[in-house]
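Below is the structure I would like to discuss, written out as structure tokens.
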Number of protein chains: 2
Amino acid sequence: MAEQNIDEPKAAGAAAEWIDGETKVLEAPGDHGAELRLWLRLLTCSTLVETEVRRRLREEFDSTLPRFDLMAQLERASDGMVLGEVSKRMMVSPGNITVLVERLAESGHISRTTSPTDRRVQIIALTPFGRTEFEKMAAAHAGWIADLFGGLSTKDGAVLLDELAKLKRSIVGSLGKAGRPA
Amino acid sequence: MAEQNIDEPKAAGAAAEWIDGETKVLEAPGDHGAELRLWLRLLTCSTLVETEVRRRLREEFDSTLPRFDLMAQLERASDGMVLGEVSKRMMVSPGNITVLVERLAESGHISRTTSPTDRRVQIIALTPFGRTEFEKMAAAHAGWIADLFGGLSTKDGAVLLDELAKLKRSIVGSLGKAGRPA
DNA sequence: ACAAATAACTTTAAGCTTGAAGTTTTTCGA
DNA sequence: TCGAAAAACTTCAAGCTTAAAGTTATTTGT
């Protein structure tokens with residue numbers, strides 16, 4: 001493991017590391033080591049937080065992150081939201097939403113109606129029960145995140161937020177270039 | 001696959017946003033808005049990259065990220081690696097590895113042997129075929145990441161790497177505090 | 001008006017992932 | 001030594017996720 005002060009980030013995409021080893025560094029073709037290290041570290045942070053959030057949602061609320069996210073989308077839409085819109089906002093496939101909605105409707109957290117003006121469209125909304133439950137979860141969630149990120153100074157937080165904005169522009173720019181449908 | 005909106009970061013954990021809305025900002029209890037925004041942005045970057053990597057692994061190599069990661073772990077271990085060690089390094093459950101190993105063994109990418117000294121232990125290693133395949137994928141992967149992160153200046157990359165190190169310390173510190181087993 | 005295209009889901013098949021429970025081996029302690 | 005405990009998986013049930021194919025409903029082009 002390279003000389004990093006914090007210990008090994010090995011998760012998904014971890015092919016990164018082999019550039020670190022003295023063995024491979026010699027033959028590095030375009031030397032993408034810096035980017036790989038960055039990606040690996042980003043992924044590690046993200047995975048650590050996500051794993052912890054999942055764990056606590058399960059243990060403290062017997063729920064899951066996807067369900068929480070779906071309810072979060074609905075929280076601000078008091079009139080409900082079209083299924084396709086939820087899918088886009090959550091960046092997941094429509095089929096996925098269908099399944100989640102089924103479960104959340106069964107458990108009484110959300111309601112689902114067919115649009116009166118377009119019978120293809122499904123409108124989903126939090127039920128009062130769902131809203132109450134979500135508010136409890138959201139408050140707890142905010143606390144967890146605050147704890148996990150709390151070791152960062154205000155300044156570091158601001159810098160990180162800014163650098164991540166730049167990174168996002170880089171990513172989106174790169175994705176846009178290759179003629180993938182927007 | 002739904003075309004996902006790139007602009008708004010709404011993915012997993014997105015309860016964040018409701019602090020942004022004028023509605024909620026008034027009653028923010030401990031005001032964890034800064035941390036939530038940071039988390040949301042981090043997650044967005046990570047998700048965008050991961051989704052793209054998965055897509056390309058599938059389209060260009062008919063493979064998956066978990067398989068790639070598993071092979072990446074083996075790449076540097078020419079003598080093979082114990083299954084439990086792989087599980088720890090990849091930060092996933094042992095049962096998960098069992099399944100992945102089965103598939104990769106079937107396809108001839110890895111070999112699997114029972115340790116001669118301890119018959120509980122499974123040792124897995126890349127086959128020559130697996131190694132060749134992995135090297136192709138790894139080279140492509142490094143290029144994808146370089147593209148995605150390439151819009152970042154060297155300076156920004158360095159700053160981001162540093163801030164992420166601080167963040168990771170914050171996270172790990174926070175996780176450590178609550179007496180969860182390491 | 002009406003057929004073709006488009007939209008908005010839903011269904012399906014396949015793969016990933018986990019926590020919990022189960023199996024086989026080793027190790028440890030009295 | 002020998003039985004209990006621990007280790008290292010494996011199996012299982014459930015849930016998430018996606019791409020692709022299928023349905024039903026609405027729009028469009030002519």
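Basis for what follows: all heavy atoms, side chains included, without hydrogens, waters or symmetry-related copies.
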Q.
Strictly below 4.0 Å: does A:Arg58 bring a side-chain N or O up to OP1 or OP2 of C:dG19?
A. yes
Q. Just how far, in rounded Å, is P of C:dC16 from CE of B:Met91?
A. 18 Å
Q: Measure the distance from CG on A:Leu70 to P on D:dC16 and round it to the nearest whole Å.
A: 10 Å
Q.
Side chains of B:Asp156 and B:Ser153: any donor to acceptor distance under 3.5 Å?
A.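 Yes.
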Q. Atom CE of A:Met81 to atom P of C:dA8: distance rounded to whole Å?
A. 15 Å
Q) Which ILVMFWY residues are connected to B:Ile123, directly or by a chain of links, through side-chain heavy atoms under 4.5 Å apart? A)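 Direct or chained contacts put B:Ile123 with B:Val82, B:Val121.
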Q) Starting at CG of A:Asp118 and ending at P of C:dA7, how long is that distance when rounded to a whole Å? A) 12 Å
Q. Between A:Met90 (CE) and D:dT18 (C1'), how many Å, whole number?
A.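 In whole Å, D:dT18 C1' and A:Met90 CE are 14 Å from each other.
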Q) Any side-chain heavy-atom pair from A:Gln122 and A:Thr114 closer than 4.5 angstrom? A)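 Of all side-chain heavy-atom pairs linking A:Thr114 with A:Gln122, at least one is under 4.5 Å.
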**Q.** Lys/Arg N to Asp/Glu carboxylate O, A:Glu52 vs A:Arg55, below 4.0 Å
**A.** yes
Q: Find the distance A:Leu65:CG to C:dT17:P and express it as a whole number of Å.
A: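 In whole Å, C:dT17 P and A:Leu65 CG are 15 Å from each other.
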(Q) Is any side-chain heavy atom of B:Val86 closer than 4.5 Å to one of B:Leu74? (A) yes
Q | Length of the line joining A:Leu104:CG and D:dC16:C1', which is rounded to integer Å | A | 13 Å
Q: Classify every nucleotide of nucleotides 9-15 of chain C by which part a protein heavy atom approaches to under 4.0 Å, writing B for the base, S for the sugar-phosphate alone and - for neither, in 5'-to-3' order.
A: SBB---S
(Q) Test of understanding: with ring pair (Phe, Tyr, Trp, His ring centres under 6.0 Å), list the residues that count as partners of A:Phe61, not counting sequence neighbours. (A) none
**Q.** Separation of D:dT17 C1' from A:Arg54 CZ (nearest whole Å)
**A.**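 To the nearest whole Å, that distance equals 11 Å.
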